[in-house]
Amino acid sequence: MVSKRNFFIIIIMMLVLLFVFQFSQIAKEELSTSYNNEYLQAEMPEASAAWAGGSSRKMVYIGRENGKVAETVKKWCKYIKADFVCSNTLPSYSEASDASMVLIDAANLDTDSYMNTIYGFTENGITVVFCSLPSSEALRQCYPLCKILGITKIPQPNVKLEGIRVFDGVFVGGEIIYQIDPDETDKDVLEYQDLDLEIPWYVTAEGSKSYIVGMLDSNTYAAEQFPRIVWRYTGDYTSVFAVNGDYMTSDVGIGLLDLFLYESNDYALYPIVNAQSMVVIDVLSFTNENEQLIMDRYSRQLNIATQDIFMPGIISLTTRNNLVPTFMMMTRYDFATDAGTDMSELPSYIRQINNLSGEAGMSLRYVNADMSQKMTYDVGMFGTYGDYYNFRAAFVDDCSEIINVNSKIGTIVTDGGGDEVFYYFNNNVTVQQITADATEYRFSDDLTQRSLNSSLGFMSLEVDFHDGIWTDNENYGWEGYFDTINSNISTYWRKLTVFDQVTVSESDKRIRRFLALDYEESCEDGVITLKVENGKEDCYFLLRTHDQVIAEIINAEYTNIDDDSVLIHVLGEEVTIRLKDSEDVLTYSEPFTR
């Protein structure tokens, strides 16, 4: 039996607990609907602060300055903060003696005109990179060039490969083989293989090291006979790198250039962004413009379908795969309809997004209007109904449509913004390019993203449900769409999410710091000294070492990404890194495959 005294104590305790839980929930909701976009108030570098050249690192490129290979090399130089010097003809050794590398677009040069100069570079210890090669017929007739490249045989001018193998250590993330099972009949799987499988067949000397090779029938050919795609040949004085194919004409080339930098030195240390984001487009919409379509397809109004079907799927997908979503929300798409825009669900969506540690942004797609009308409408709607949240990120299909950007928008995400991975649109606004589409997976996409991971630590993964709401094509229904993105992300793209998962605005902040910083690094007696300028003492570098590990680090934190790659988080203007030999030295049981 409970005494009156104990009864009153129990009642008081229950009331206190009820008050505490109610207060915490109220506080949580209040915080969830507050001015919670921290990036609007954060100090963000502008375009005027971006690094504009002037470095002790110089890369000399030989070829057409307006060619695709030149554009790749130029971008890479900007990312690693090296000066880009271009010439249509090979400079003398004295003119290139201070170059870190000499990069040659040999496919567009006369081989007879540069052999003596190339010998001069190699004899004086300058690393030479052949970003492209002359035709196989030209190589057959130029023994001196074959000798420099380490080519011992040219069995065929053109061979059809069964697949492509990228060895461990080439890119962050380990070895990958791009090959379809010959017994495979699934049409979708067969479409994965979109790499160029017809290349000249070059076999290299035993003193070479292969990074990417073409695969043939192993029952017919030994591994040492497989065609070389990317390799290094070390002569008497220096290393010569070669690329067989057009890999240097795309973003794959950026990662290869970082590989060559790494493989030609005791270590490589270069800045990266360290930001991977998931951009969810048009899943959250506020105008029921296709009321009958949505009702027929989902047996619900749009807002109910969003609450019951779309959002639970996205929440499950992001939490299971440790992704951080940025939702680009659509107020109105078709300005010719009479449907009203209902923003009443916005507070609920904001709370859900905050619970995912995500971010809300604006989708600036439209029809039957112009961009000025669209932006005015969106700013008005989000400002009236969402004045507690500052929208800083936006999505557009084509950046060329943007003329004047709302002052609060700090970064634009697009899949039609040009060749740059990211750049300043104007002094205050950056552009981030979509680098992967969750609805698709191709071997070329995988290879490109591995390169971007290795060179920039950057990824922008697109989940775009626009067609699921605004088209009557049954192929774009939620069930089939979600099955596709869930399968692709869980099976393929998740393997490549090896860096920090962040919102679009956090990615923007890191991009700005990456573009602004400059650095100097040196190594003496196994101790690396890194001096950083304009990085706000909060930036990231990738350290790649050969059979060495970090014994001690000062003014920085580090995380091991894989066997030879370490993510360095810089916390001061000067970082000291002491290396030691690894206890687990890598050995290769198949030397001729390398």
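Predicted model, so just to flag it, every value in this text is computed and none were measured.
- Taking every heavy atom of both residues into account, Val575 and Asn555 meet most closely at CG2-O, 3.5 Å.
- Summarising the geometry, atom OG1 belonging to Thr545 is positioned 11.0 Å from atom CG belonging to Leu269; distances are rounded to the nearest 0.5 Å.
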Stepwise salt bridge (charged side-chain N to carboxylate O under 4.0 Å, His left out) check, Glu359 with Arg392:
CA-CA 9 Å; Glu359 179 184 10; Arg392 193 180 174 281; 5.9 Å; no
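- In this structure, the side chains of Gln501 and Asn322 stay at 4.5 Å or more apart for every pair of heavy atoms.
- Between Phe226 and Trp201, the distance separating the two ring centers is not shorter than 6.0 angstrom.
- By the 4.5 Å heavy-atom criterion applied to side chains, Val240 and Val129 are not counted as neighbours.
- Across every non-hydrogen atom of Arg510 and Ala275, the tightest pair is CD-CB, 4.2 Å.
- Results of the side-chain contact (heavy atoms from CB on, under 4.5 Å) test with Tyr558 over Val566, Leu567, Leu543, Val549 single out Val566 as the only residue that passes.
- Applying the side chain to side chain donor-acceptor pair (under 3.5 Å) test between Thr435 and each of Glu462, Gln276, Gln449 identifies Gln449 as the sole match.
- Between Phe260 and Phe241, the gap from one ring centroid to the other is short of 6.0 Å.
- Side-chain contact check for Val128 versus Met101: every heavy-atom pair is 4.5 Å or farther apart.
- Residues Thr249 and Lys68 approach most closely at CB-CB, 3.9 Å, considering heavy atoms.
- Within the 3.5 Å criterion, the main-chain N or O of Asn428 finds a donor-acceptor partner in the side chain of Asn426.
- Smallest separation of non-hydrogen atoms from Ala438 and Val463: CB-CG2, 3.8 Å.
- The backbone N or O of Cys523 lies less than 3.5 Å from no partner atom in the side chain of Glu521, so there is not a single donor-acceptor pair.
- Inspection of the Asn274 and Asp500 side chains reveals an N or O donor paired with an N or O acceptor under 3.5 Å.
- Panel note: side chain Arg228, backbone Ile212; no donor-acceptor pair is recorded below 3.5 Å.
- A 4.5 Å side-chain heavy-atom check between Val230 and Val166 finds every atom pair outside the cut-off.
- Judged by distance alone, with hydrogens and angles left aside, the side-chain atoms of Asp196 form a donor-acceptor pair with the main-chain N or O of Glu198 at under 3.5 Å.
- Contacts of Glu175 classified as side-chain hydrogen bond (donor to acceptor under 3.5 Å, both in side chains), with partners at least two apart in sequence or in another chain: Arg165.
- For the pair Arg544 (side chain) and Gly169 (backbone), a donor-acceptor distance under 3.5 Å is present.
- For CD of Glu123, the number of neighbouring non-hydrogen atoms (other residues, nucleotides, ligands) closer than 6.0 Å is greater than 12.
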List the steps and the verdict of side chain to side chain donor-acceptor pair (under 3.5 Å) for Asp547 and Ser582.
CA-CA 5 Å; Asp547 301 329; Ser582 171; over 6 Å; no
Would Tyr192 and Tyr492 count as a ring-ring contact (aromatic ring centres under 6.0 Å, His included) here? Give the steps.
CA-CA 11 Å; Tyr192 290 170; Tyr492 304 114; 5.5 Å; yes
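- In this structure, Leu530 and Val570 have side chains that are in contact, with non-hydrogen atoms separated by less than 4.5 Å.
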Trace of the salt bridge (charged side-chain N to carboxylate O under 4.0 Å, His left out) decision for Arg232 with Glu263
CA-CA 9 Å; Arg232 179 194 71 194; Glu263 286 288 290; 3.5 Å; yes
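- Here the CG-CG distance, from Asp437 to Asn488, works out to 8.5 Å after rounding to the nearest 0.5 Å.
- Rounding to the nearest 0.5 Å gives a distance of 6.5 Å between CD1 of Ile62 and CD1 of Ile104.
- Taking the ring centre of Tyr519 as origin, the terminal cationic atom of Arg57 falls inside the region bounded by 6.0 Å and 45° from the ring axis.
- Side-chain atoms of Asn560 and Ile550, non-hydrogen and from C-beta on, never get closer than 4.5 Å to each other.
- When the options Lys75, Lys78, Lys74 are evaluated for a salt bridge (Lys or Arg N to Asp or Glu O under 4.0 Å) with Glu420, the one that passes is Lys78.
- Here Thr430 contributes atom OG1 and Ile511 contributes atom CD1; the two are 5.5 Å apart, rounded to the nearest 0.5 Å.
- A 6.0 Å sphere centred on CG of Asp266 holds no more than 12 heavy atoms belonging to other residues, nucleotides or ligands.
- Residues Leu216 and Val159 meet the side-chain proximity criterion, which asks for heavy atoms closer than 4.5 Å.
- Put simply, CZ on Phe167 and CG on Leu259 are 12.5 Å apart, with the number rounded to the nearest 0.5 Å.
- You'll find the ring centres of Tyr262 and His546 inside the 6.0 Å limit.
- Within the 4.5 Å cutoff, no side-chain heavy atoms of Thr72 are placed close to those of Asp251.
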Starting from the C-alpha separation in whole Å, work towards a yes-or-no answer on salt bridge (charged side-chain N to carboxylate O under 4.0 Å, His left out) for Lys58 and Asp98.
CA-CA 7 Å; Lys58 183 173 82 171; Asp98 60 342; 2.8 Å; yes
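- Put simply, the side chain of Asp508 never gets that close to the backbone of Val504: no donor and acceptor are under 3.5 Å apart.
- Between the Thr411 side chain and the Val431 main chain, no donor and acceptor come within less than 3.5 Å of each other.
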After noting the C-alpha distance and the side-chain angles of Asp446 and Arg450, does the key distance pass the salt bridge (charged side-chain N to carboxylate O under 4.0 Å, His left out) rule?
CA-CA 6 Å; Asp446 188 287; Arg450 287 174 185 272; 2.5 Å; yes
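- A cation-pi contact links Lys81 to Phe514, judged by a cut-off of 6.0 Å to the six-membered ring centre and 45° from its axis.
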Going through the checks in order, is the ring-ring contact (aromatic ring centres under 6.0 Å, His included) test met by Tyr540 and Tyr270?
CA-CA 9 Å; Tyr540 299 88; Tyr270 52 87; over 10 Å; no
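- In this structure a side-chain-to-backbone donor-acceptor pair under 3.5 Å is missing from Asn265 to Ala268.
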Between Tyr424 and Val429, is the side-chain contact (heavy atoms from CB on, under 4.5 Å) condition met? List the steps.
CA-CA 6 Å; Tyr424 276 99; Val429 179; over 6 Å; no
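- A pairwise comparison of heavy atoms in Ala82 and Met59 identifies CB-CG, 4.1 Å as the closest pair.
- Checked by atom type, the side-chain pair Gln432/Ser507 shows a donor-acceptor distance below 3.5 Å.
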Please report the C-alpha distance between Asp258 and Trp76 in whole Å, then the side-chain angles of each, then the deciding distance to 0.1 Å, and finally whether the side chain to side chain donor-acceptor pair (under 3.5 Å) criterion is met.
CA-CA 8 Å; Asp258 282 320; Trp76 175 66; 2.8 Å; yes
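- Residues Gln548 and Asp581 come closest through the heavy atom pair NE2-OD1, 3.6 Å.
- With rounding to the nearest 0.5 angstrom, the CG atom of Asn244 is 10.5 Å from the OG atom of Ser132.
- Aromatic rings from Tyr233 and Phe130 are positioned such that their centres are separated by 6.0 Å or more.
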